[in-house]
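Worksheet: the structure to be examined is printed underneath.
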2 protein chains.
Amino acid sequence: MNKHAKSVLPEGAKARQVYLSLRDQISDGRFQDGQTLPGEQKLSEVFGVSRVTVRRALDALAASGLIIRRAGSGTTVSTAGQLDKPVAMNLATLMPQLVEMGQSTTARLLSFSYDAAPDFVSSALGLPNDEQVQIATRVRSTNHTPFSHLTTYVPAEIARNYSENDLATTPLFKLLERGGVQIKDAHQSVSATLAGPEVADALEVAVGSALLSLRRVVKDVDGNGVEYLAGLYRPDMFRLEMPLTRVGDGNARHWEPAIGKTHEEGA
Amino acid sequence: MNKHAKSVLPEGAKARQVYLSLRDQISDGRFQDGQTLPGEQKLSEVFGVSRVTVRRALDALAASGLIIRRAGSGTTVSTAGQLDKPVAMNLATLMPQLVEMGQSTTARLLSFSYDAAPDFVSSALGLPNDEQVQIATRVRSTNHTPFSHLTTYVPAEIARNYSENDLATTPLFKLLERGGVQIKDAHQSVSATLAGPEVADALEVAVGSALLSLRRVVKDVDGNGVEYLAGLYRPDMFRLEMPLTRVGDGNARHWEPAIGKTHEEGA
DNA sequence: TTAAGCTGTATTATGTGTAATACAAATTGC
DNA sequence: GCAATTTGTATTACACATAATACAGCTTAA
């Protein structure tokens, strides 16, 4: 059950783009399991590249086990046992559900230092310009597959309440509250970005893969910033789930997140 | 005042890798605003590529406005006017804030048809296998810049309550409720994906660019699926903002989205 | 069986990304 | 002013991805 076979991505620029595009369409369901892909000739027309280039992309997909090619028959999608159900983040805990369910996740500390806060951190947290912050980068994995790359910035004074070793075992969240920080507000901003070499290596994905990007600013009851999180998540391993309910009447009708509910979607 | 710096990726494989690496280091603060980067010669040694390749990466960074190059002086980081992302989605309306604020957004209908529902749609909406659905693809723009690519699936029976022309002018949301649909639940799943050829063309980005991916399943009071939305958003034009508040005590302490309601928790 | 369509394989050009090198122009510090 | 360092520009050469084409082998359906 070699889930995430090593990604042997094509060297060429166009071939890699075709590969990434097809892989993406497979992983998010636009091409479903068992479905027959368009022929190589057809694909070369759609992507505007030669058939040789398409073949290089398909070679990589076949090497990853995502497709099965049969001469004369065609190329079919084969994602059986390949795709994990993604880890979902629980809005109530701001932690991956696996973590709160006590399932095995491991965190690896990639870097750890105290340094002056970057501008975007100090401005977001409301810190003095040259405030010292603890900068830590961690990678979280489940089943030996990394799914998140987290860089946290915490004011040095607060960060002294826990050790470097704590970071590798306990979510930063609990460390802060354990240290007496009274957390009040958070603001999350979700976007997307491409995987650079270092992050790609840490998350075991191809350079240029799409990643979910999450920025989180956490403040305490006094309005002081206590944590800045820059997180990158593998889209095939992680999703942000948001159950919502329609409430109110007339013009006041609006959406509200349904927090407590265990809204089960297709497993 | 967004420069609307389109992400111009270098064509070459190594050049793009250097570009992505440097962009990462800039965006997460390892290279801060105003800081002088290592020289091109030094960078070529660090990355193990030729100086020409480094220069191509720097060209792309300069075109994006992330760096400023001065002959004799060096290359400095310039992230000053870079971090503004104009359009944000409001969680209470599930619409971009620009839309509800009445600002100028235009919607263009790319395709419109009635067809059998794809498997992932029928299973998500709870429809019979061969149910007919209306499939519409729209692109929304502001200031002549497209920011979202939306594909909606609506059961044919419900879709007959509005016209093809309505789709180009009115959010699907209001069309459904206007047609008597009693919307109750929604479930959103946010992830990231790569731009394929068609979407890239529609959103005016490079093929292989990172896009924010949003899947939304809307159901009525009877639990019947009434809308399936597959949305793709340009990360440089759109982000999902989520203000949160920490509520509860002890083990029941958790996060709640601070939407619409103004600190009425009673605590 | 036959025909059509697909993958597998091979060939030859051609375009282009990359490396290596050299030198000019601009800036800074001595 | 002079020297050192940096970016800007140009050259040549090479490796390789890409395009275009052709044909063989396999599978499916009529």
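What you are looking at is a predicted structure, and each value in this text was computed from that prediction instead of being measured. Convention: sequence-line order gives letters A, B, ...; per-chain numbering from 1.
- When the P atom of D/dC16 is taken as reference, atom CZ of A/Arg16 falls 15 Å away, rounded to whole Å.
- In this structure, B/Arg160 is positioned above the aromatic face of B/Tyr114, its NZ or CZ under 6.0 Å from the six-membered ring centre and within 45° of the axis.
- The separation between A/Gln17 atom CD and C/dG17 atom P is 12 Å, rounded to whole Å.
- Distance CG (B/Leu43) to P (C/dA19): 14 Å, rounded to an integer number of Å.
- A donor and an acceptor atom never sit less than 3.5 Å apart when one is taken from the side chain of A/Arg70 and the other from the base of D/dG25.
- Here D/dA19 presents its P atom at 13 Å from CZ of A/Phe47, a figure rounded to the nearest Å.
- Of the residues listed (A/Leu22, A/Thr76, A/Leu61), the one engaging A/Ile67 in a side-chain contact (heavy atoms from CB on, under 4.5 Å) is A/Leu61, and it is the only one.
- Checking C/dA19, D/dA19, C/dT7 against every side-chain atom of B/Thr53, the shortest atom distance belongs to C/dA19.
- Here A/Arg55 does not reach the OP1 or OP2 of C/dT7: none of its side-chain N or O atoms lies under 4.0 Å away.
- Taking atom CD of residue B/Gln41 and atom C1' of nucleotide C/dT21, one finds them 11 Å apart after rounding to whole Å.
- Nearest heavy-atom pair across A/Ala136 and A/Leu167 is CB-CD1, 3.6 Å.
- Straight-line distance from the CD1 atom of A/Ile67 to the P atom of C/dC6: 15 Å, rounded to whole Å.
- For A/Arg69 and C/dT9, the CZ to P distance is 9 Å, given to the nearest whole Å.
- Residues A/Ser73 and B/Thr75 each lie close to DNA chain D; by heavy-atom proximity, the contact nearer the 5' end of the strand is made by B/Thr75.
- At the phosphate of D/dA19, OP1 or OP2 sits under 4.0 Å from a side-chain N or O atom of A/Lys14.
- Per the geometry, CZ belonging to B/Arg51 stands 11 Å off C1' belonging to C/dT21, to the nearest Å.
- In this structure, A/Tyr153 and A/Phe120 have perpendicular ring planes: the angle between them is above 60°, well past the 30° mark.
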